[in-house]
There are 2 protein chains.
Amino acid sequence: MLPGQLRGTGMNTAALSAIERFSRYQSDDAQSAAPVHCPVRDVLDRIGDKWSMLMIMTLAPRPQRFSELRRAIRDISKRMLTQTLRDLERDGLITRHVFPTKPPSVEYRLAPLGESLLEPMANLIDWADRRYPDIHAARACFDGASGEVPR
Amino acid sequence: MLPGQLRGTGMNTAALSAIERFSRYQSDDAQSAAPVHCPVRDVLDRIGDKWSMLMIMTLAPRPQRFSELRRAIRDISKRMLTQTLRDLERDGLITRHVFPTKPPSVEYRLAPLGESLLEPMANLIDWADRRYPDIHAARACFDGASGEVPR
DNA sequence: AGGGCAGGTCTAATATAGAGACTTAGGTTC
DNA sequence: GAACCTAAGTCTCTATATTAGACCTGCCCT
């Protein structure tokens, strides 16, 4: 059971229990010799990479083709675009449809599993959007203060 | 305004509007010559790196010291641990307290800003935990099917 | 005197990402 | 009718990020 720090924060039950579950995985892992396989780690490694969330958010409003995605996320390289799409497809988050036009076009769209990820992810995005000023302020403050005080 | 795909999905308002806002940023960016600075990208680059979310989740139940964190996240290198902690501190998500014991111990704990990230992040973790079997099934299916059909 | 610990930093080796040339086949421009 | 464009990639080479692990500083224990 978690210590009191988290209680009374008004957090919803799913969130609280997620933290607790994760916490348990971690202590199991710290104790055992071999690494315990934690599903959270597994999934975090997947969607927590550099482009996956961005890709899913970009596909949220409508399916898009390879080049459209490239234009939408302008600083992704073709190589990483291909690879990220492939990985997301592999995990069942998006689907890939080839249309035999000339030149062939390929459409990517969210699979139901990917759509189910939209809400939790959008809530994170919403946080990011609302807290952006705070982060920036903290960053400016930190950068201003560093150099003055040695560590 | 977003096309209909998203309507009637039972998604909450904050989530819907987050997707819409993000979508608008992206089209602005696609149109203008210089990249439009999107706060979502900015924050996603920060917490979407390899270790940050894991760190925040690990600090959720209680504050921890450097070595405790190392033991909890066993496959992080000291270098990345230091760097991740420093970056999170810079962004105001965690705080760092040095206790002048001998040898000095350093405690890291979530700042209020970091705590506010806990709920959206925990909801994502909860998703990860619940959908893990689906992802695994999709992965096995994909891996089984590939090699049989050329792309 | 030797060894350990805490919380790091530094360097060298390795893994991952990016830039950009090349592909295939048909359509467009000059 | 030759040169060039597009779509969706792949391939190679280079740049950047990450890891492993040696080393550092003070103080405590034996």
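Small disclaimer: the values here were computed from a predicted structure and weren't measured. For the numbers below, each heavy atom of this structure counts, side chains included, while hydrogens, waters and symmetry mates do not.
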Lys/Arg-Asp/Glu bridge criterion (N-O < 4.0 Å) met for [X], [Y]:
X: B:R62; Y: B:E68; value: yes
X: B:R130; Y: B:D126; value: yes
X: A:D42; Y: B:R139; value: yes
X: B:D75; Y: A:R41; value: yes

Can you see if the side chain of [X] gets near the phosphate of [N] - specifically, an N or O under 4.0 Å from OP1 or OP2?
X: B:S67; N: C:dG7; answer: yes
X: A:Y108; N: D:dA7; answer: no
X: A:R86; N: D:dT10; answer: yes
X: A:R65; N: D:dG9; answer: no

Item to check | Distance, rounded to the nearest Å, where A:E89 contributes CD and D:dA8 contributes P | outcome: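 Whole-Å distance recorded here is 14 Å.
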Checklist entry - C:dT9 C1' sits how many Å from B:L85 CG, rounded? => result 15 Å
Item to check | For B:D87, all residues meeting side chain to side chain donor-acceptor pair (under 3.5 Å), sequence neighbours excluded | outcome: none
Item to check | Bend angle of the helix from C:dA1-D:dT30 to C:dC30-D:dG1, from helix axes over five pairs at each end, nearest 10° | outcome: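 Rounded value for the end-axis angle: 20°.
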Next on the checklist: Donor-acceptor pair, distance only, cut-off 3.5 Å: does the side chain of B:T84 make one with the backbone of B:L81?
Outcome noted: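 Answer holds: no.
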Next on the checklist: Under 4.0 Å, heavy atoms only, any strand: does B:F99 hit a base, just the sugar-phosphate, or nothing?
Outcome noted: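 No contact at all - B:F99 keeps every heavy atom at 4.0 Å or more from the nucleic acid.
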Next on the checklist: Which nucleotide wins on minimum distance to the side chain of A:F66, given the candidates D:dA8, C:dT9, C:dG7?
Outcome noted: D:dA8
Under-3.5 Å N/O pairs linking protein and nucleotides 18-20 of chain D:
{"unit_1": "D:dT19", "atom_1": "OP1", "unit_2": "B:K50", "atom_2": "NZ", "d": "3.4"}
{"unit_1": "D:dT19", "atom_1": "OP2", "unit_2": "B:W51", "atom_2": "NE1", "d": "3.4"}

